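Let me begin by presenting the structure, written as structure tokens, before commenting on it.
Note that the coordinates shown come from a computational prediction; the quantities given were computed from them, not determined experimentally.
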There are 2 protein chains.
Amino acid sequence: MATIYEVSKLAGVSLATVSRVINKTAPVREATREKVEAAMKELGYRPNSVAQSLASNRSNSIGILVPELGGPFYAELLSRIENEFRRVGKHVIIAAGHSDEELERESIEFLRSRNCDALILHVEAVSDDYLRGLADAGCAFVLMNRLVEQLADRCINLDNLLGGYLATKHLLELGHRAIAYVSGPMWKRDAQERYQGHQRALQEFGVPFDSNLVFEGDYQETGGVKALQYFRSLDKPFTALVCANDEMASGAITTAHDLGMDLPSQLSVVGFDNVNFAHYTYPKLTTIDYPLGEIGHMAAQWVLKNVYQQPIKDIRAVFAPQLVIRDSTYRIN
Amino acid sequence: MATIYEVSKLAGVSLATVSRVINKTAPVREATREKVEAAMKELGYRPNSVAQSLASNRSNSIGILVPELGGPFYAELLSRIENEFRRVGKHVIIAAGHSDEELERESIEFLRSRNCDALILHVEAVSDDYLRGLADAGCAFVLMNRLVEQLADRCINLDNLLGGYLATKHLLELGHRAIAYVSGPMWKRDAQERYQGHQRALQEFGVPFDSNLVFEGDYQETGGVKALQYFRSLDKPFTALVCANDEMASGAITTAHDLGMDLPSQLSVVGFDNVNFAHYTYPKLTTIDYPLGEIGHMAAQWVLKNVYQQPIKDIRAVFAPQLVIRDSTYRIN
DNA sequence: GCCTATGATGAAAGCGCTTTCATTTATAGC
DNA sequence: GCTATAAATGAAAGCGCTTTCATCATAGGC
């Protein structure tokens with residue numbers, strides 16, 4: 001691989017000039033630039049990005065930390081972010097935190113040791129204090145799906161409460177009154193918020209809240225399975241089920257089929273997230289769309305603006321989820 | 001951030017010695033090592049990976065190129081590979097080629113310009129010649145799901161023909177004789193091979209091949225939709241459908257429902273790949289498992305062995321797919 | 001035509017580390 | 001106790017680039 005030195009020699013100019021035509025960091029006379037470009041082409045020269053990083057103290061890499069790589073949930077997010085940065089010649093380094101405090105910490109350290117210019121974090125287990133400490137240490141990062149006091153200017157959020165509200169409200173409007181709820185793990189903020197939204201909708205419609213009709217799930221398919229089994233064992237009639245995510249909704253639907261229930265006539269189900277398999281279920285799942293793509297996009301914009309000083313207009317901090325009506329909900333009277 | 005120089009000063013040793021304790025690249029006296037380690041801890045020192053890369057001509061990063069980031073298909077693969085490398089302190093840079101020749105090329109160049117130590121490629125559009133040229137240029141890479149002559153020692157493959165064979169054989173054993181086939185785009189090697197497997201199974205069971213019962217799909221959901229519509233328009237009875245991937249199978253199943261068919265009693269469907277949503281369909285999809293995780297694992301091993309000189313025993317070049325029987329196939333008489 | 005403001009260019013000092021080579025120190029053999 | 005050998009350590013030269021600072025050329029203003 002040719003080096004910048006060889007290019008400068010062939011073009012008959014100094015290193016500095018070559019660097020300038022590469023980076024457009026200072027004006028270079030037309031004729032000179034052409035000579036340099038010709039030399040680069042002739043040698044098949046490509047700048048060594050590692051050397052560039054060392055000299056400029058910029059790695060042009062952005063670290064991304066998500067809970068899981070494996071699931072269907074984050075693929076779109078990553079895809080969107082990768083695209084965004086790729087277009088401007090930067091690349092992403094991806095790590096998975098598995099919702100584990102130790103692992104999330106370790107991953108952040110790993111990403112930092114890789115000299116990432118910025119981090120985009122979707123963390124759940126790590127404490128607010130830790131994040132504030134990170135910010136104080138001068139680490140440039142933006143948070144997705146989390147709101148931390150004093151760090152609000154670097155949080156890109158979904159209005160989970162609104163989402164929970166919309167899900168339950170939809171069922172209420174279809175005439176349902178006995179609505180069971182499967183929450184996520186309650187130590188997760190989004191699980192709490194979605195649950196609050198559910199309660200608010202009930203309250204608004206004057207439906208008394210029945211704590212028996214709530215089950216704390218695990219955001220996994222099995223959570224939905226167990227929830228439905230539990231509710232059925234209760235011997236308490238219910239006509240609808242809202243699940244705090246699509247995985248659990250899918251588990252519930254499968255179980256309902258296994259129990260010989262007819263969907264959606266005997267049970268309406270609403271999910272949350274609108275993951276890619278939501279329309280593979282039968283009946284197709286009515287759910288709350290989580291605009292992950294847009295959130296990823298906005299996180300990328302944040303980095304472009306705050307770290308790479310690109311002229312980005314406004315950063316939107318809170319996104320509103322939307323109800324997506326498919327076939328799993330049914331009007332009763 | 002402290003530098004190695006400050007550590008060496010605090011510990012009262014030379015840079016070289018500090019470097020040695022960091023990299024364990026030469027023996028250091030116990031007492032010296034402790035002094036250095038204490039100094040590192042005191043300063044909160046972490047080596048600058050960019051400087052390490054520049055000096056050692058190793059970036060400790062591996063480039064991965066897959067067709068899509070967004071779909072469900074590659075998530076597991078990436079997850080597995082990331083894990084593998086993470087454990088040994090290396091990281092992955094991920095890019096998407098979108099099955100487009102230009103884009104695949106460009107992505108490879110991008111990854112190369114990032115000084116990746118090795119590339120793991122899942123490419124479809126780029127030519128064999130291009131890949132041979134890449135190898136000649138000294139680029140270290142391993143290919144997944146592709147077999148290129150003269151590059152066989154760096155190919156990790158799935159026996160697609162066997163997979164296609166198993167899918168159709170399963171239906172034949174259930175008594176089906178009129179079996180329709182939805183292929184992938186025929187310019188893709190794996191699509192051809194799967195199709196060949198289908199034909200071989202028919203032949204083995206003495207079932208005459210009917211070219212009307214073949215439809216070239218696009219590996220997308222809509223391919224399955226169109227295929228089923230086409231076959232129904234044919235006015236030719238068929239009791240089973242094998243789809244060259246799960247997306248198309250899902251499309252076909254949905255369409256079958258829409259047409260009021262009862263599954264699996266009126267139509268058996270087999271997919272291919274066993275992607276994560278395969279058991280969300282209704283009925284749950286019988287399919288051919290593509291051991292993507294293992295293939296990713298093996299690709300990582302290849303890199304560890306051939307690029308990082310780690311003592312890996314044997315690299316397996318060809319993986320065998322397996323039939324996963326669920327509920328979408330039905331025995332007839 | 002002379003001076004100054006500006007535009008182009010070059011020289012050279014790093015960026016933080018690895019690695020070779022030379023040197024010093026410890027170990028062992030007699 | 002002295003040399004031969006091996007084990008530890010240090011000095012210093014890069015790795016390929018960016019960036020400051022100084023220098024030189026050009027062009028206008030009077």
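In terms of heavy-atom proximity, B:L54 sits nearest to A:V50 at N-CG1, 3.4 Å. Between A:A140 and A:V307 the shortest heavy-atom distance is CB-CG2, 3.9 Å. For the residue pair A:E104 and A:E124, the shortest heavy atom distance occurs at OE2-N, 2.9 Å. Residues B:L111 and B:C116 approach most closely at O-SG, 3.3 Å, considering heavy atoms.
The CZ-C1' distance, from A:R46 to D:dG16, rounds to 14 Å in whole Å. Between the CZ atom of B:R58 and the P atom of D:dG14 there is a distance of 22 Å, given to the nearest Å. One atom, CD of A:E30, and another, P of D:dA25, lie 21 Å apart when rounded to the nearest Å. To the nearest angstrom, P of C:dG16 lies 17 Å from CD of A:Q52. Computed from coordinates, the A:L54 CG to C:dC17 C1' distance equals 8 Å when rounded to whole Å. Atom CD1 of B:I4 is separated from atom C1' of D:dT9 by 14 Å (rounded to the nearest Å). Taking atom OH of B:Y5 as the reference point, atom P of C:dT18 lies 17 Å away to the nearest angstrom. As a whole-Å value, the separation of B:K9 NZ from D:dG10 P is 15 Å.
In this structure, the nucleotide among C:dT19, D:dC17, C:dG16 sitting nearest to the side chain of A:T3 is D:dC17. Taking every side-chain heavy atom of B:P47 into account, C:dC17 is the closest of C:dC15, C:dT19, C:dC17.
With hydrogens and angles disregarded, no donor-acceptor distance shorter than 3.5 Å links the side chain of A:W187 to the backbone of A:A125. Side chain of B:S59 to backbone of B:S53: no donor-acceptor contact under 3.5 angstrom is found.
Phosphate contact (OP1/OP2 of D:dT18, side-chain N/O of A:N23, threshold under 4.0 Å): present.
Between A:T25 and B:A51, the one whose closest nucleotide on DNA chain D sits nearer the 5' end is B:A51.
When the C1' atoms of four end pairs are superposed on the next four at each end of the helix from C:dG1-D:dC30 to C:dC30-D:dG1, using five pairs per end, the two resulting axes differ in direction by 30°, to 10°.
Judged by the 6.0 Å distance and 45° axis criteria, A:K90 is positioned over the aromatic ring of A:Y308.
Classified by interplanar angle (parallel below 30°, tilted 30° to 60°, perpendicular above 60°), the ring pair B:H91/A:F110 is perpendicular.
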Which protein N or O atoms sit under 3.5 Å from an N or O of nucleotides 5-12 of chain C?
| residue | atom | partner | partner atom | Å |
| --- | --- | --- | --- | --- |
| C:dT9 | OP1 | A:T32 | OG1 | 2.4 |
| C:dT9 | OP2 | A:R29 | N | 2.9 |
| C:dG10 | OP2 | A:S14 | N | 2.8 |
| C:dG10 | OP2 | A:S14 | OG | 3.2 |
| C:dG10 | OP2 | A:T17 | OG1 | 2.7 |
| C:dG10 | N7 | A:R20 | NH1 | 3.4 |
| C:dG10 | O6 | A:R20 | NH2 | 2.6 |

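A:N48 comes within 4.0 angstrom of the backbone, heavy atoms only, and of no base. Here B:S19 lies in heavy-atom contact (under 4.0 Å) with a base.
Separation of atoms CD1 (A:I4) and CG (A:N48) is listed at 10.5 Å; rounding is to 0.5 Å.
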